[in-house]
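Everything on this sheet refers to the single structure shown next.
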Amino acid sequence: MNTQTVAQAAELLRAGQVCAFPTETVYGLGGDATNADAVLSIYETKGRPRFNPLIMHCADLAMAETLAEFSPLARRLAALWPGSLTIVLPAKPNNGLADVATAGLDTVGLRVPDHPVALELLRAVGRPLAAPSANPSGKLSPTTAQQVWNGFGGRVPVLDGGACRAGLESTIIRVEGDRLVQLRAGALAREEIEAALGVAVDVAEKGSAIASPGMMASHYAPNAQIRLDAVPHAGEAYLAFGRSRSFEGPMRNLSEAGDLREAAQNLFSMLHELDAVGAGMIAVAPIPHVGLGEAINDRLARAAAPRGG
Ligand code: TXA
Ligand code: MG
């Protein structure tokens with residue numbers, strides 16, 4: 001694997017090239033969000049449908065405020081930055097973003113990542129970076145530089161910042177007047193946001209257009225099939241959680257201690273690893289639906305969903 005320094009990555013990005021970079025959630029495939037060609041290269045590299053808008057990564061709140069209208073409630077949410085939280089807000093007119101980055105919507109998804117390397121890169125580039133997860137569309141999100149490198153067959157430059165701390169994508173919250181609506185469960189548990197703000201967070205109805213433009217049921221698909229809430233059979237691979245039965249075949253445990261934070265951090269990596277042993281089926285143990293379990297179960301359901309084409 002061949003990696004870039006922050007200065008090299010910043011130079012590539014300022015020149016309109018794409019470059020993968022670390023965040024605390026997952027690796028992002030970055031491009032200058034103000035440069036339509038750069039953003040189109042992101043879509044092409046991932047094989048991503050154009051109707052699925054990207055998240056704009058900002059160095060700080062000041063940069064984010066050049067892109068969107070922040071209500072007082074939005075500002076209270078933004079106080080959780082840097083962090084694993086994407087806020088969807090009305091876009092400011094003439095904010096300089098390439099139309100393709102927002103897929104033509106009049107809202108924009110923003111986040112300030114909580115990772116020193118990402119923040120250093122954003123400051124060096126001096127512009128917002130559009131960045132989806134750095135995986136070919138529909139595949140597992142990468143939590144290490146090596147997974148990014150392998151996923152794109154070495155064709156994408158990578159800035160290596162080590163393994164991602166959270167291991168799951170950011171939580172996406174849309175601010176609608178005085179309402180907060182969660183569009184995607186993620187690395188910041190809904191309960192934590194509610195506790196920090198003292199405001200209830202509603203959950204967008206599954207499959208509603210607003211819930212996620214272009215968010216597909218089948219996603220995060222490993223090559224193997226997935227069975228949920230399962231007891232493993234011979235010949236399968238097993239993804240356990242908590243104290244588990246012994247199992248003869250290939251097996252990983254998301255968290256022997258039954259800790260959901262540890263499980264989130266391990267989820268994509270362990271799915272990658274079990275996939276690599278070539279099992280046709282991965283049986284996954286039940287995982288509680290509380291706290292980060294909401295996001296973990298969401299990703300597992302997508303990984304298990306029937307796949308089109
Ligand atoms: O943790 C993360 O969020 C990672 C890292 C790299 O920051 N990024 C990530 O991006 O997961 P991506 O592109 O895989 O997911 C972005 C999601 C999509 O489901 C998209 O539909 C939604 O954000 N989104 C972006 N802008 C939106 C908007 N204006 N309204 C509603 N949803 C939006
Ligand atoms: Mg993704």
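Both counts, for ligands and for their atoms, begin at 1 and track the order of listing.
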Could you check whether any side-chain N or O of [X] sits under 3.5 Å from a backbone N or O of [Y], counting only pairs where one atom can act as donor and the other as acceptor?
X: Lys92; Y: Glu65; result: yes
X: Lys46; Y: Asn135; result: yes
X: Arg76; Y: Leu80; result: no
X: Tyr27; Y: Gly161; result: yes

For ligand 1, which atoms have a heavy atom of [X] less than 4.0 angstrom away?
X: Arg184; answer: 2 (C), 3 (O), 9 (C), 11 (O), 15 (O), 16 (C), 17 (C)
X: Ile172; answer: 17 (C), 22 (C), 23 (O)
X: Ala131; answer: 6 (C), 8 (N), 10 (O)
X: Thr107; answer: 28 (C), 29 (N), 30 (N)
X: Gly28; answer: 6 (C)
X: Leu105; answer: 28 (C), 29 (N)

Any chance the side chains of Arg184 and Ser170 put a donor and an acceptor closer than 3.5 Å?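 Arg184 vs Ser170: donor-acceptor pair found between side chains.
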We want to know whether Gln4 and Glu11 form a side-chain donor-acceptor pair, criterion being a heavy-atom distance below 3.5 angstrom.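 On atom types as modelled, these side chains do not qualify, holding no pair under 3.5 Å.
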If the contact criterion is a heavy-atom separation under 4.0 Å, does Pro113 count as touching ligand 1? no
Can you tell me if Ser133 has an N, O or S atom under 2.8 Å away from the Mg ion (ligand 2)?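 For Ser133, the answer is yes, given that an N, O or S atom comes within less than 2.8 Å of the Mg ion (ligand 2).
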Please determine whether a side-chain nitrogen of the Lys or Arg among Arg179 and Glu176 lies less than 4.0 Å from a carboxylate oxygen of the Asp or Glu.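 The answer is yes: the pair qualifies as a salt bridge.
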Would Arg190 and Glu294 pass as an ion pair if we require N to O under 4.0 Å?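 Yes, Arg190 and Glu294 are salt-bridged.
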Transitively linked via ILVMFWY side-chain contacts under 4.5 Å: Val158 with Leu12?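 Different hydrophobic clusters.
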Ignoring angles and geometry beyond distance, decide whether [X] reaches within less than 3.5 Å of ligand 1 through its nitrogen or oxygen atoms.
X: Tyr27; result: no
X: Glu169; result: no
X: His57; result: yes
X: Arg48; result: yes

Have a look at ligand 1 and work out which part of Thr102, if any, has a heavy atom under 4.0 Å from it: side chain, backbone, both or neither.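 The answer is neither; Thr102 stays 4.0 Å or more away.
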Return the option from Gly109, Ser170, Ala130, Ala134 holding the heavy atom at the smallest distance from atom 2 (C) of ligand 1.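 Answer by nearest heavy atom: Ser170.
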